[in-house]
Amino acid sequence: MTDSTPHPDTLDLAAELRAAIGELVRALRPDDTLPQNQAGVLGLLVRDERAYTVAELAARQRVRHQSMARTVALLTETGLVTQQPHATDGRKLLITATEAGRAALLEQRARREARIAAAIEARLTPEEQAQLRASVDLLRRLNRE
């Protein structure tokens with residue numbers, strides 16, 4: 001085993017963590033009103049508080065331009081985003097979240113958080129809740145470079 005190869009126990013932990021997070025995310029989806037691809041685009045627009053072109057959104061979401069163009073069209077049809085001409089390139093459109101889009105995203109997040117909170121209160125002891133709170137910080141550290 002080289003220095004860059006994770007220990008087998010660490011690989012097992014990583015697999016268990018990936019599976020548990022995946023199960024949690026899938027369990028929350030039935031309550032979602034926004035499809036995952038649309039919620040992802042809205043999340044990016046709301047979080048970054050800036051406009052993006054379809055090409056930039058596609059690159060950020062790691063999907064094909066055509067797929068993103070369809071997602072943006074659906075979001076536009078439902079009034080969740082707007083498209084405005086680019087200031088310097090007339091061939092491009094800039095996509096921004098509308099207030100309705102921001103509200104839809106925040107409502108979906110609130111429903112997910114309420115469901116998780118209810119499960120935490122119903123299924124975990126106060127000690128386990130403290131462990132979970134500490135684990136959130138650990139998970140955030142895994143995402144740092």
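From a predicted model like this one, the values you see are computed outputs, not experimental measurements.
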**Request:** Determine, step by step, whether Gln129 and Leu132 satisfy the side chain to side chain contact (heavy atoms under 4.5 Å, CB included) criterion, reporting the C-alpha distance in whole Å, the side-chain angles of both residues, the deciding distance to 0.1 Å, and the verdict.
**Result:** CA-CA 5 Å; Gln129 291 178 32; Leu132 184 59; 5.6 Å; no
**Item:** Donor + acceptor pair across side chains of Thr98, Thr82 (<3.5 Å)
**Value:** no
Checking [X] now: which residues fulfil salt bridge (Lys or Arg N to Asp or Glu O under 4.0 Å) with it, not counting sequence neighbours?
| X | value |
| --- | --- |
| Arg26 | none |
| Asp31 | Arg115 |
| Asp89 | Arg91, Lys92 |

Rounded to the nearest 0.5 Å, what's the gap from [atom1] on [X] to [atom2] on [Y]? Could you check?
| X | Y | atom1 | atom2 | result |
| --- | --- | --- | --- | --- |
| Arg47 | Leu105 | CZ | CG | 9.5 Å |
| Leu106 | Arg111 | CG | CZ | 11.0 Å |
| Leu75 | Gln83 | CG | CD | 9.5 Å |
| Ile116 | Glu121 | CD1 | CD | 12.5 Å |
| Glu16 | Leu11 | CD | CG | 11.5 Å |

**Request:** Quick one: list whatever passes side chain to side chain contact (heavy atoms under 4.5 Å, CB included) with Glu128, sequence neighbours left out.
**Result:**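 Glu128 satisfies side chain to side chain contact (heavy atoms under 4.5 Å, CB included) with Leu124, Thr125, Gln131 once adjacent residues are dropped.
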Can you find a heavy atom in the side chain of [X] that is under 4.5 Å from one in the side chain of [Y]?
| X | Y | answer |
| --- | --- | --- |
| Leu138 | Arg141 | yes |
| Thr33 | Gln108 | yes |
| Leu93 | Val54 | no |

Over all heavy atoms of both residues, which pair between [X] and [Y] is shortest? Give the atoms and the distance, please.
| X | Y | value |
| --- | --- | --- |
| Val81 | Val72 | CG2-O, 4.0 Å |
| Ala100 | Gly79 | CB-O, 3.8 Å |
| Ser4 | Pro6 | O-CD, 3.4 Å |

Check: residues 57-67 side-chain donor-acceptor pairs under 3.5 Å, at least two apart:
| residue | atom | partner | partner atom | Å |
| --- | --- | --- | --- | --- |
| Arg60 | NH1 | Asp48 | OD2 | 3.3 |
| Arg60 | NH1 | Tyr52 | OH | 2.7 |

Compile the donor-acceptor pairs under 3.5 Å between side chains in residues 34-41 and protein atoms, sequence neighbours left out, one pair per line.
| residue | atom | partner | partner atom | Å |
| --- | --- | --- | --- | --- |
| Gln36 | OE1 | Arg29 | NH2 | 3.1 |
| Asn37 | ND2 | Thr71 | OG1 | 3.0 |

**Hphob cluster co-occupancy, Leu142 + Val25, side-chain heavy atoms under 4.5 angstrom** =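 Same hydrophobic cluster.
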**Asked** When clusters are formed by joining ILVMFWY residues with side-chain heavy atoms under 4.5 Å apart, either directly or through shared neighbours, do Leu44 and Met68 land in the same one?
**Response** yes
**Request:** For the pair Asp32 and Arg112, find out whether any cationic side-chain nitrogen is under 4.0 Å from an anionic carboxylate oxygen.
**Result:** yes
**Message:** As a quick check of understanding, evaluate side chain to side chain contact (heavy atoms under 4.5 Å, CB included) for Leu45 and Ile95, giving each step before the final call.
**Reply:** CA-CA 8 Å; Leu45 293 170; Ile95 316 305; 4.0 Å; yes
**Crowding at CZ, Arg123 (>12 non-hydrogen neighbours, <6.0 Å)** = no
**Message:** Assess the residue pair Arg50 and Glu56 against the criterion (salt bridge (charged side-chain N to carboxylate O under 4.0 Å, His left out)); give the C-alpha distance rounded to whole Å, side-chain angles, the decisive distance to 0.1 Å, and a yes or no.
**Reply:** CA-CA 12 Å; Arg50 62 163 281 216; Glu56 290 170 330; 3.5 Å; yes
